[in-house]
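The structure that follows is given in the form of structure tokens.
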2 protein chains.
Amino acid sequence: MRDDKFCNSNCPFTRAIGTIGNKWKPIIINVMGTRTIRFGQLDAIVPHISRKVLTEQLKELEQDGILERLAYKELPPRVEYRLSERGLAFLPILESIKEWQAKFEIFSPVEHN
Amino acid sequence: MRDDKFCNSNCPFTRAIGTIGNKWKPIIINVMGTRTIRFGQLDAIVPHISRKVLTEQLKELEQDGILERLAYKELPPRVEYRLSERGLAFLPILESIKEWQAKFEIFSPVEHN
DNA sequence: TATTCTGGTTACTAACAGGTAACTACAAAA
DNA sequence: TTTTGTAGTTACCTGTTAGTAACCAGAATA
């Protein structure tokens, strides 16, 4: 899933893209926002993601220090996720992407004839 | 390459991620910057990209109105690419990603023993 | 005459991503 | 006793992505 060529690049920007440059991670970070959220909630809220892929993405985000995982030793298990300082610092970037999209999106709805 | 689920989402943010949320596009946009650049130069400067993938990515970026393609009817052919207004407006976002990376990157160089 | 130049395209193949379904633990509730 | 609930993991299979090498036009150069 993660590309070693990117993550081990000597260019910091390339490493950054290796960390957050795929389609799921910005979506997950955006959904999390400033709240603490459980695995099942993420699974329900993030559209079209499978549990397997969600697990993988969360694991990588944790490894990259973008979120924190809090597992409570209960049964049934309870696991909470929340953004780290690094993850929270990424939220304004997502906001500017939203502004960019709103400002420049080309509206060309797909017609099905 | 492009994910229809993302591009046809009713969420603008999801559509934005569908447009620029992969590993090559931010790299290409960053390399282009404010200059006009030829296909061969991009191929030489962007590390590890194949001509095939570069062609595909450039085509999608053009379709999404992020860059402009200027083909001169010469032989041998000459094709120049440059960012559109929309593409140029994305550059500050890439700059803030660089700052974010510089501020928060965890240094854990891979050791090969 | 053969080679070089550019910006691709095409066919083939290898690698990877992602989906589905089944399975786990164990407690509480029905 | 069976079901429910959570947060995964695993095996299996398919579909997509990416890499490689060969090929193209057609003028200029050697």
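In this text the structure is predicted, and so the values were computed from the model without any measurement. Below, read A as the first sequence line, B as the second, and so on, with proteins coming before strands; counting in each chain starts at 1.
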Donor-acceptor list for residues 89-99 of chain A side chains, cut-off 3.5 Å, not counting sequence neighbours:
unit_1	atom_1	unit_2	atom_2	d
E95(A)	OE2	K98(A)	NZ	2.9
S96(A)	OG	P92(A)	O	3.4
S96(A)	OG	I93(A)	O	2.8
K98(A)	NZ	N30(A)	OD1	2.8

OP1 or OP2 of dT9(D) versus the side-chain N and O atoms of K59(A): is any pair under 4.0 Å?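 Yes, such a contact exists.
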The criterion is side-chain contact (heavy atoms from CB on, under 4.5 Å); which residues satisfy it with C7(B), sequence neighbours excluded?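 side-chain contact (heavy atoms from CB on, under 4.5 Å) list for C7(B), sorted by chain: R2(B).
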Would you list the pairs meeting side-chain hydrogen bond (donor to acceptor under 3.5 Å, both in side chains) in which at least one residue belongs to residues 42-53 of chain B, sequence neighbours left out?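 Residue pairs passing side-chain hydrogen bond (donor to acceptor under 3.5 Å, both in side chains), neighbours aside: D43(B)-R51(B).
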Does dG19(C) have OP1 or OP2 under 4.0 Å away from a side-chain N or O of S50(A)?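 For dG19(C), OP1 or OP2 has a side-chain N or O of S50(A) closer than 4.0 Å.
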With respect to the side chain of W24(A), which nucleotide from dA11(C), dG18(C), dG7(C) is positioned closest?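 Looking only at heavy atoms from C-beta outward on W24(A), the closest nucleotide is dG18(C).
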Between dT4(D) (P) and R78(A) (CZ): distance, integer Å: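 Rounding to the nearest Å, CZ of R78(A) and P of dT4(D) are 23 Å apart.
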Examine distances only and state if a side-chain atom of T14(A) and a backbone atom of N10(A) form a donor-acceptor pair shorter than 3.5 Å.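 Flag not set: sc T14(A) to bb N10(A) has no pair under 3.5 Å.
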Specify the separation, in whole Å, of atom CG of L70(B) and atom P of dG8(C).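 Rounded to the whole Å, the gap is 12 Å.
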Could you tell me the separation between the NZ atom of K52(A) and the C1' atom of dA7(D), rounded to a whole number of Å?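 Distance, rounded to whole Å: 16 Å.
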N or O in side chain of K23(A) less than 4.0 angstrom from dT16(D) OP1/OP2: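 Looking at the OP1 and OP2 atoms of dT16(D), neither is under 4.0 Å from any side-chain N or O of K23(A).
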Could you work out, with side-chain contact (heavy atoms from CB on, under 4.5 Å) as the rule, every residue matching P47(A), not counting sequence neighbours?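 None.
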Sub-3.5 Å pairs of nitrogen or oxygen atoms, protein against nucleotides 22-30 of chain D:
none

Can you tell me how far C1' of dT16(D) sits from CZ of F6(B), to the nearest Å?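 Rounded to the whole Å, the gap is 15 Å.
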Residues forming a ring-ring contact (aromatic ring centres under 6.0 Å, His included) with F6(A), sequence neighbours excluded: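 Partners of F6(A) under the ring-ring contact (aromatic ring centres under 6.0 Å, His included) test: W24(B).
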Provide, to the nearest angstrom, the distance between the CG atom belonging to L54(A) and the P atom belonging to dT20(C).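 L54(A) atom CG is separated from dT20(C) atom P by 14 Å.
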Between E105(A) and R86(B), does at least one N-O distance fall below 4.0 Å, as a salt bridge requires?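 Salt bridge absent between E105(A) and R86(B).
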Please state how far atom CG in D4(B) lies from atom C1' in dT17(D), giving the value in whole angstrom units.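 My rounded result for the distance is 15 Å.
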Length of the line joining K5(B):NZ and dG15(D):P, which is rounded to integer Å: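 Roughly 13 Å, once rounded to whole Å.
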Could you tell me whether Y81(A) contacts a base, only the sugar-phosphate backbone, or nothing, with contacts defined as non-hydrogen atoms closer than 4.0 Å?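 Contact class for Y81(A): sugar-phosphate only.
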Can you list, pair by pair, the side-chain donor-acceptor contacts under 3.5 Å of residues 65-75 of chain A, counting residues two or more places apart and other chains?
unit_1	atom_1	unit_2	atom_2	d
R69(A)	NE	Y81(A)	OH	3.3
Y72(A)	OH	E80(A)	OE1	3.2
E74(A)	OE1	R78(A)	NE	3.3
E74(A)	OE2	R78(A)	NH2	3.1

Contact residues, residues 35-43 of chain A to DNA chain C [heavy atom, < 4.0 Å]: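 When residues 35-43 of chain A is checked for heavy atoms under 4.0 Å from DNA chain C, there are no hits whatsoever.
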Restricting to side-chain hydrogen bond (donor to acceptor under 3.5 Å, both in side chains), what partner residues turn up for R38(A), sequence neighbours left out?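 R38(A) satisfies side-chain hydrogen bond (donor to acceptor under 3.5 Å, both in side chains) with no other residue.
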Give the rounded distance in Å between these two atoms: NZ of K73(A) and C1' of dT6(D).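 From K73(A) NZ to dT6(D) C1': 14 Å.
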